[in-house]
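Below, each value reflects all heavy atoms present in this structure, side chains not excepted, and no hydrogens, waters or symmetry copies.
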Amino acid sequence: MTLEAQNGMYPNDDDREVIAGQWCLRMAEGALSDAQMAEFLAWIGEDPENQRCFDSVSAMWSALGEESTSPEMIIHRQKALRYVRQAEAKQTHLGRWRTLSAAAALILVLAGGTWLAQRPTLYETHVGERRVILLEDGSRLSLDADTRVRVRYAFNRRDLTLERGRANFTVAHDTKRPFAVTSGEKIVVATGTAFSVERLKDEVRVILYEGHVNVFTRAPGGDRAPQMVAAPTGVRAAEKLLKPGTQLILPENASIGQLATVEETTPRSWEGGQLEFSNDRLESAAERMNRYASGRRIVVTPDVAALRVSGTFNAGDTEAFARTTAGVFPVKVFEDDKNITIMRK
């Protein structure tokens with residue numbers, strides 16, 4: 001892999017980068033032999049730019065991190081190594097140089113393309129903001145207020161992480177690329193369907209609009225495969241029970257969920273600026289209201305957190321929510337500059 005003068009000139013910067021990529025490939029496959037190390041050091045010593053270029057390319061390889069051991073990256077590395085070995089079998093220096101250059105250029109494009117495709121894209125909304133995104137595969141992502149979702153697509157999977165808030169997913173059908181949404185320890189997997197996932201303080205909620213999904217929970221410590229979430233009876237798997245118009249409520253640290261039916265308009269009402277509650281815990285309802293609280297936020301004390309509330313409210317109208325709650329339950333409201341606190345009388 002010695003730099004060969006061509007027509008009395010050394011290769012340009014693009015060729016220099018290709019050679020640096022060749023050395024990275026060899027080093028990724030194992031330790032260099034004494035002869036290869038001598039050749040590498042000789043190349044490094046020929047020009048200070050060689051060292052700079054190698055440092056830059058090797059930094060990219062390091063940045064690949066865990067992706068460098070993913071199945072697709074292993075395939076690319078094996079393909080590149082095969083090309084390198086074929087090139088080394090060439091008899092002429094010029095033929096060897098050209099084949100090595102083509103091989104390294106190909107693998108750098110493949111590796112770089114895979115890396116870029118797998119870097120997550122962050123989508124988020126602020127308090128009071130809603131947003132709809134059309135993803136690259138045609139799926140639609142609708143974000144509630146104060147929501148954060150990371151999206152990572154690869155050739156064989158579509159991975160999304162709901163870090164906070166609530167999102168609706170209308171999934172483009174692709175049986176070869178499962179669509180997985182992770183929130184906390186819960187994983188919802190679909191190939192083509194419509195559903196929502198919401199992350200609250202102590203639970204994750206999944207509502208199915210159409211199609212079907214599989215719902216899993218990860219084992220503590222991650223040393224076992226995810227387990228299918230079961231119904232309270234523990235007999236039937238969640239994907240058989242979760243039908244369109246049904247909600248699965250999943251406590252954060254449990255593998256058994258609770259099923260509940262939802263009104264047809266309730267799940268997507270927030271997309272139109274209204275929040276509907278049906279026998280929801282006061283604490284959960286307040287958490288949803290706070291996603292739209294541009295001013296004072298609602299604080300619910302623990303002694304009234306479990307009260308059940310129902311009703312429809314305009315998103316962001318925290319004062320009306322607090323007044324209505326005080327008119328129905330034995331609670332009082334204390335207001336200051338930052339918060340509206342609901343507590344027991």
Side-chain angles (χ1 to χ4, degrees), residues 142-147 162 164-171 179-190 193-218 226-292 298 300 302 304-313 315 321 324-325 328-329 342:
S142 181
L143 304 182
D144 195 0
D146 195 20
T147 294
L162 176 67
R164 70 168 186 263
R166 170 168 54 181
N168 284 343
F169 305 90
T170 303
V171 183
F179 189 100
V181 179
T182 300
S183 186
E185 300 302 316
K186 312 306 177 186
I187 307 171
V188 183
V189 181
T193 186
F195 62 97
S196 73
V197 181
E198 180 177 20
R199 186 168 185 176
L200 296 168
K201 179 181 177 182
D202 298 317
E203 64 189 24
V204 173
R205 296 189 176 194
V206 181
I207 298 177
L208 184 63
Y209 304 139
E210 60 183 57
H212 71 276
V213 295
N214 296 329
V215 185
F216 302 86
T217 187
R218 290 189 291 199
Q227 302 295 310
M228 187 77 72
V229 171
T233 59
V235 176
R236 298 173 63 194
E239 88 276 11
K240 296 180 180 179
L241 292 174
L242 195 57
K243 299 177 181 179
T246 304
Q247 177 175 225
L248 185 61
I249 302 172
L250 303 162
E252 186 66 27
N253 298 315
S255 59
I256 297 178
Q258 296 179 335
L259 285 167
T261 57
V262 292
E263 296 293 334
E264 184 176 353
T265 59
T266 298
R268 306 191 189 199
S269 62
W270 57 268
E271 293 180 298
Q274 289 192 316
L275 301 181
E276 295 186 21
F277 306 112
S278 177
N279 200 36
D280 286 282
R281 283 169 50 90
L282 177 59
E283 183 179 42
S284 297
E287 187 175 346
R288 292 188 178 102
M289 291 295 299
N290 284 336
R291 292 178 187 149
Y292 293 85
I298 300 172
V300 177
V304 297
L307 292 175
R308 297 287 175 169
V309 299
S310 299
T312 302
F313 299 88
F321 178 86
T324 301
T325 302
V328 175
F329 298 104
I342 302 176

**Request:** For the pair L282 and V309, evaluate side-chain contact (heavy atoms from CB on, under 4.5 Å) and give the outcome as yes or no after the intermediate values.
**Result:** CA-CA 6 Å; L282 177 59; V309 299; 3.9 Å; yes

How close do [X] and [Y] get, counting heavy atoms only, and between which atoms?
X: F321; Y: T325; value: O-OG1, 2.8 Å
X: Y209; Y: P244; value: O-CB, 3.2 Å
X: L275; Y: M289; value: CD1-SD, 3.5 Å
X: R308; Y: F329; value: O-CZ, 2.9 Å
X: R291; Y: D144; value: NH1-OD2, 3.3 Å
X: A180; Y: I187; value: CB-CG2, 4.4 Å

Could you check whether any side-chain N or O of [X] sits under 3.5 Å from a backbone N or O of [Y], counting only pairs where one atom can act as donor and the other as acceptor?
X: S310; Y: N279; value: yes
X: R166; Y: E198; value: no
X: S183; Y: L162; value: yes
X: K186; Y: P251; value: yes

**Request:** Take L200 and R288 through the test side-chain contact (heavy atoms from CB on, under 4.5 Å) and record every step on the way to the result.
**Result:** CA-CA 8 Å; L200 296 168; R288 292 188 178 102; 3.9 Å; yes

**Asked** Once the angle between the rings of F169 and F179 is folded into 0 to 90°, is it parallel (under 30°), tilted (30 to 60°) or perpendicular (over 60°)?
**Response** perpendicular

Cationic N near anionic O, under 4.0 Å, [X] to [Y]:
X: R281; Y: E203; answer: no
X: D280; Y: R205; answer: yes
X: K201; Y: E287; answer: no

**Prompt:** Are the side chains of I298 and N290 in touch, meaning some heavy atoms are under 4.5 Å apart?
**Reply:** yes

**Complete:** Which of V204, V213, L250, V215 passes side-chain contact (heavy atoms from CB on, under 4.5 Å) with V197? It is V204

**Full working for side-chain contact (heavy atoms from CB on, under 4.5 Å) between F313 and Y292** = CA-CA 11 Å; F313 299 88; Y292 293 85; over 6 Å; no

